[in-house]
Asker: 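Below are the structure tokens for one structure; questions will follow.
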Amino acid sequence: MGSFFKWINLLVFFHFLAATTIFTFSSNAIAITKFLDLAKDPRVFDWMVGIRRKIHENPELGYQEFETSQLIRVELDKLGISYKYPVSVTGVIAFIGTGHPPFVAIRADMDALPMQEMVEWAHKSKVPGKMHACGHDAHVAMLLGAAKILKEHENEIQGTVVLVFQPAEEGGGGAKKILDAGVLENISAIFGLHVAPNLAIGEVASRSGPIFAGSGFFEATINGRGGHAAIPQHSIDPILAASNVIVSLQHIVSREADPLDSQVVTVGKFQGGGAFNVIPDSVTIGGTFRAFSKESFMQLRQRIEQVITGQAAVQRCNATVNFLDEEKSFFPPTVNDGDLHEYFKSVAGSLLGIDKVKDMQPLMGSEDFAFYQEVFPGYIFLLGMENASIERLESPHSPYFRINEDALPYGAALHASLATRYLLKLNQDVPVVEGKHHDEL
């Protein structure tokens, strides 16, 4: 019996060693629970706030982020972080760690929106008609904050963290152009975040599977024959035809789509005519359509064209439909990897507390982060920034949108934690065999 208990004790001992290896960092690695303390240090926090405010004052639209990109590169130079530039016009791809596999990416988008800021504060946009109304200025600041923390602990990183400063998320498909540039070929996983004004600060929310819808745009010109409004029988009225088109488009979702398969078709543009008593020659309408699967999306696209041309013909008009594939890229559905979801809950729970990690329902908004997920495992989550005791924050794309800068340390710490912990996991799961891998991106 004595030898039996010795074997039991040995088994328990080895089991403890194995568990320790899997769930903790090696002795020379920084604990992820310290990342948040580092990010909240005034030396890092004040630096992130300053960067975010500079970017906010000088918003730039997609593929025009030249000053934003220069600011990023200046800060990377100061930190001694190497990078590639230009990538997809204004993008910057930076590297921290060994320079060898495994590679894990963390991403921030850089572009602003073509809208006038209505918030009156010291760092209001200085560019008329342009505003950071979706939080991309904060996204850049948090990724730079993570870079600063990671660079100071570079000797503890077991692989390479790739920082993706991406242009043109707002309809420009910047993620796709980054991939087309071939700079992320050996990435094992990519992580991203988006600020959320209706989620409490210190909380995060996400889900496995579809999280954001795929989206596309359409524009149609409906041609009739103009004339005097008092004698419509001598005209072919494109306004009447366009009105029937808009009503019929709504029937696609309400009568053809599975009620459990969420879809949206919205017409947001209607241009035609300039006088009260004149029937115009043509009308132009435009809108967006969204779905959570590629199959549903392509079915919507096909039916939109059929309904527009068919309904126009009923009214003796003809129509042409343009899906703006060149101007406004189709965004596929954003689908979070299931294994990365479990990993995210573990890391975020360790950093913030498991009660701060929330599940969420899918949203009809779209994200070009989806392009990365079509190539390698990817995961995106929402970062809370609401402090109800101070002020109510407006939703993204509002001219009154504001950032609660107290959220910046949480984003920076999560970026750093997700990247370094995943590199450790990869090294434990699949040890790198000398001579059996690509050693560059």
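As the structure is a computational prediction, the values presented were derived from the model and not from experiment.
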Asker: For residues Ser398 and Ser395, is any side-chain donor paired with an opposing acceptor at under 3.5 Å?
Answerer: no
Asker: What is the ring orientation for His153 with Phe35, classed by angle as parallel under 30°, tilted 30 to 60°, or perpendicular over 60°?
Answerer: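 Geometry flag for Phe35 against His153: perpendicular rings.
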Asker: Would you say Lys151 has more than 12 foreign heavy atoms packed within less than 6.0 Å of its NZ?
Answerer: yes
Asker: Do Leu193 and His139 have side chains that approach each other closer than 4.5 Å (heavy atoms only, starting at C-beta)?
Answerer: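 A side-chain contact exists here, since the closest heavy-atom pair is under 4.5 Å.
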Asker: For Arg303 and Gln306, run side-chain hydrogen bond (donor to acceptor under 3.5 Å, both in side chains): C-alpha distance rounded to whole Å, both residues' side-chain angles, the deciding distance at 0.1 Å, then the answer.
Answerer: CA-CA 5 Å; Arg303 289 294 291 137; Gln306 290 172 346; 2.8 Å; yes
Asker: Kindly assign one of parallel, tilted or perpendicular to the pair Tyr343 and Phe191, based on the angle between their ring planes and the thresholds 30° and 60°.
Answerer: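 Rings of Tyr343 and Phe191: tilted, 30 to 60°.
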Asker: Taking atom NZ of Lys130 as the centre, report whether more than 12 heavy atoms of other residues, nucleotides or ligands fall under 6.0 Å from it.
Answerer: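 Yes, NZ of Lys130 has more than 12 neighbouring heavy atoms, counting only those of other groups under 6.0 Å.
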Asker: Is there side-chain contact between Phe292 and Ser262, with at least one heavy-atom pair below 4.5 Å?
Answerer: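 Yes, side chains in contact.
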Asker: Looking at Gln361, I'd like to know if its CD atom is crowded, meaning that more than 12 non-hydrogen atoms belonging to other residues, nucleotides or ligands lie closer than 6.0 Å.
Answerer: no
Asker: Compute both the distance and the angle, then confirm whether Arg107 meets the cation-pi test with Tyr372: under 6.0 Å from the six-membered ring centre, within 45 degrees of the axis.
Answerer: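 Pair Arg107/Tyr372 does not count as cation-pi.
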Asker: Check whether any side-chain heavy atom of Tyr63 sits under 4.5 Å from a side-chain heavy atom of Lys177, and report yes or no.
Answerer: yes
Asker: Which heavy-atom pair separates Leu352 from Tyr410 by the least distance, and what is that distance?
Answerer: CD2-CD2, 3.6 Å
Asker: Holding to side chain to side chain contact (heavy atoms under 4.5 Å, CB included), I want the full list of residues that pass it with Met118, two or more places apart in sequence or in another chain.
Answerer: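 Once residues adjacent in sequence are excluded, the partners of Met118 under the side chain to side chain contact (heavy atoms under 4.5 Å, CB included) criterion are Gln116, Pro399, Tyr400.
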Asker: Indicate yes or no: does Asp339 engage Lys425 in a salt bridge with an N to O separation below 4.0 Å.
Answerer: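 The answer is no: the pair does not qualify as a salt bridge.
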Asker: Taking C-beta and beyond as the side chain, do Asn223 and Ser282 meet within less than 4.5 Å on heavy atoms?
Answerer: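 Heavy-atom side-chain distance check passes, below 4.5 Å.
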Asker: Ion pair present between Glu405 and Arg53, side-chain N to carboxylate O less than 4.0 angstrom?
Answerer: yes
Asker: Between Arg52 and Asp137, does any side-chain N to carboxylate O distance fall below 4.0 Å?
Answerer: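 Yes.
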Asker: Indicate yes or no for a side-chain donor-acceptor contact from Asn322 to the backbone of Glu219 under 3.5 Å, with no hydrogens or angles considered.
Answerer: no
Asker: Using residues 374-383 as the side-chain source, report each donor-acceptor pair under 3.5 Å to any protein atom, sequence neighbours left out, with the distance given to one decimal.
Answerer:
{"from": "Glu374", "atom 1": "OE2", "to": "Lys294", "atom 2": "NZ", "distance (Å)": "3.0"}
{"from": "Tyr379", "atom 1": "OH", "to": "Ser206", "atom 2": "OG", "distance (Å)": "3.1"}
{"from": "Tyr379", "atom 1": "OH", "to": "His341", "atom 2": "ND1", "distance (Å)": "2.7"}

Asker: With ring centroids as reference points, do Phe297 and Phe330 lie under 6.0 angstrom apart?
Answerer: yes
Asker: Using side-chain heavy atoms (C-beta onward) and a distance below 4.5 Å, is Pro210 in contact with Ser293?
Answerer: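 A side-chain contact is absent here, since even the closest heavy-atom pair is not under 4.5 Å.
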Asker: Using a 4.5 Å cut-off on heavy atoms from C-beta on, say whether the side chain of Thr309 contacts that of Val321.
Answerer: yes
Asker: Could you tell me whether Lys328 and Glu326 have a side-chain N and a carboxylate O separated by less than 4.0 Å?
Answerer: no
Asker: According to side chain to side chain contact (heavy atoms under 4.5 Å, CB included), who are the partners of Pro396, at least two apart in sequence or on a separate chain?
Answerer: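 Expected list: Cys134, Pro197, Phe401.
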Asker: Are the side chains of Ile72 and Met110 in touch, meaning some heavy atoms are under 4.5 Å apart?
Answerer: yes
Asker: Counting C-beta onward and ignoring hydrogens, is there a side-chain heavy-atom pair between Asp368 and Gln166 closer than 4.5 Å?
Answerer: yes
